[in-house]
Amino acid sequence: MSQDFLSVLSLRLPIFQAPMAGVSTPALAAAVSEAGGLGALGLGASTPQAAAKAIAETRALTARAFNVNLFCHAPARRDPAQEQAWIARNHPMFARFDAEPPAHLQEIYRSFLDDDAMLQVLLESRPKVISFHFGLPDPDRIAALRDTGALLVASATSVDEARQIAGAGLDAVVAQGWEAGGHRGIFDPEATDAQLSTEVLTRQIARDLALPIISAGGLMQGADVARALDWGAVAAQLGTAFVACPESAADAAYRQRIAEGGDTVMTAAISGRPARCLHNDFTDWTADVPGNQLPAYPCAYDLGKALNAAAKAKGQTGFGAQWAGMNVAGSRALPAADLMATLEQEFHAAREDAWNI
């Protein structure tokens, strides 16, 4: 099953580019796929129209397979009083930048769970790989997407979530370890998170299920890809490694922070869901905020984006969602094709060293 999963995609390398909504681009996805891996588009924050455009642009750049990723979060449970309290708490920070916070928060991203227009885009465009984050679509949507011939994948942060993915009939699971940058894919953000490392989670899922596994979290070099395969994965998914590529949509401030490296923190304050971010002014400002004071995802993100825009207008760049994994210090600012070539060399060298031991 594992070998079939890779061969049906005609992959030369067991390297997946993480979708990374807001950072991935058609140029990045195509470059990774052309280099023998699996490029990806993060469409969870896109409108159906933007998603269709991104898929078409990627297809114009490569005839090879690529992954499109959707968010399957539960619709926000709104609490107007909580939202107003959060706006009021952040008012002094907006005032620092001579700006006003939004009067009301918006649910800025629509979940794929109830987005019929996005479903239609996928049914018409028929990407070869479709993946899900934060949960799973309903059986009818899964069946409709399977009828297109796509391989279906979802991220899991625990063995239980991986079992749900297998039970839903999907083709593979992304084992997202605690080290991973960006949003935790945990199905229920209010549930206890075991915070399993990428290695431990991969090994546990491999022991429990026959489903192909893609390891994700803290993997930056070709040797990391080789280790992931030793843990029982069929491939490794790298995200932070690709942020500094010129093809990504990361802004200059984000690239600078990636280059500087440093500590990362898991925070829900930026968006309303736990996500790993580079330590910055926003994470400092919100470090002492209890989770029960945060508006629901993605409403909290509406304020976070507004604050970042206000700060940037005044030349301050420490308030962005600068998502990054724990091993960000291993980042290399290379064109995607060159990075893939480097990863390939490192991967084969690591495999040869293992054989020679």
Side-chain angles (χ1 to χ4, degrees), residues 5 8-9 16 18-22 24 29 38 40-52 54-55 58 65-77 107-176 180 182-191 205 209 211-214 216 237 271-275 296-299 301:
F5 180 78
V8 74
L9 295 173
F16 289 24
M20 299 183 296
S24 62
L38 186 72
L41 299 173
L43 303 180
S46 300
T47 64
Q49 294 78 13
I55 293 170
T58 308
F66 57 90
N67 169 28
V68 301
N69 180 260
L70 289 308
F71 293 163
C72 291
H73 55 281
R77 294 199 296 268
E107 192 167 355
I108 58 174
Y109 301 152
R110 186 171 183 179
S111 173
F112 181 65
L113 296 180
D114 64 0
D115 193 340
D116 292 339
M118 186 68 82
L119 174 63
Q120 190 61 36
V121 167
L122 300 181
L123 296 179
E124 293 175 358
S125 60
R126 303 172 73 91
K128 292 184 179 179
V129 182
I130 301 171
S131 62
F132 310 109
H133 205 56
F134 301 142
L136 294 166
D138 63 63
D140 289 343
R141 288 177 187 270
I142 290 174
L145 294 173
R146 181 164 299 289
D147 285 346
T148 69
L151 291 176
L152 305 181
V153 183
S155 57
T157 62
S158 66
V159 174
D160 178 67
E161 289 175 352
R163 289 176 184 148
Q164 293 180 55
I165 292 167
L170 271 64
D171 298 291
V173 57
V174 174
Q176 189 195 37
H183 283 94
R184 291 287 282 163
I186 190 167
F187 288 12
D188 180 2
E190 297 181 5
I205 295 174
L209 298 170
L211 209 62
I213 303 165
I214 300 99
Q237 181 169 282
S271 72
R273 283 188 73 116
Y297 175 91
C299 304
Y301 216 171

- line: The complete set of salt bridge (Lys or Arg N to Asp or Glu O under 4.0 Å) pairs with one or both residues in residues 117-126, sequence neighbours excluded, reads none
- prompt: Quick one: are Phe112 and Cys72 in side-chain contact, heavy atoms under 4.5 Å?
  reply: yes
message: Which residues pass the salt bridge (Lys or Arg N to Asp or Glu O under 4.0 Å) test with Asp140, not counting sequence neighbours?
response: none
Under the ring-ring contact (aromatic ring centres under 6.0 Å, His included) test, residues paired with Tyr297 that sit two or more places apart: His73, Phe134, His183
field: Those residues that, when tested against Arg110, pass side chain to side chain contact (heavy atoms under 4.5 Å, CB included) (two or more places apart)
entry: Asp114, Asp115
message: Within the 4.5 Å heavy-atom criterion, are Val153 and Phe5 side-chain neighbours or not?
response: yes
message: Does anything in residues 156-167 form a salt bridge (Lys or Arg N to Asp or Glu O under 4.0 Å)? List the pairs, not counting sequence neighbours.
response: Arg163-Asp208
task: Go through the structure and list residues passing side-chain hydrogen bond (donor to acceptor under 3.5 Å, both in side chains) with Ser155, not counting sequence neighbours.
output: His133
- prompt: Sequence neighbours excluded, which residues qualify as side chain to side chain contact (heavy atoms under 4.5 Å, CB included) partners of Ala29?
  reply: Gln17, Leu41, Thr58
- request: Check side-chain hydrogen bond (donor to acceptor under 3.5 Å, both in side chains) between Asp116 and all other residues, then give those that pass, not counting sequence neighbours.
  value: Arg141
task: Check for a donor-acceptor pair, side chain of Arg273 on one end and backbone N or O of Ile186 on the other, with a separation under 3.5 Å.
output: yes
query: Who passes salt bridge (Lys or Arg N to Asp or Glu O under 4.0 Å) against Arg184, sequence neighbours left out?
result: Asp193
message: When you compare the side chain of Asn69 with that of Leu43, does any pair of heavy atoms fall below 4.5 Å?
response: no
query: Under a 4.5 Å cut-off applied to non-hydrogen side-chain atoms, are Pro127 and Leu122 in contact?
result: yes
- request: Please list, chain by chain and in numerical order, all residues satisfying side chain to side chain contact (heavy atoms under 4.5 Å, CB included) with Ala166, sequence neighbours excluded.
  value: Leu209, Leu211
- line: Hits for ring-ring contact (aromatic ring centres under 6.0 Å, His included) against Tyr109, two or more places apart or cross-chain, chain-then-number order -> Tyr301
- line: Those residues at least two apart in sequence (or on a different chain) that pass side chain to side chain contact (heavy atoms under 4.5 Å, CB included) with Ala168 are Leu136, Ile142, Leu170
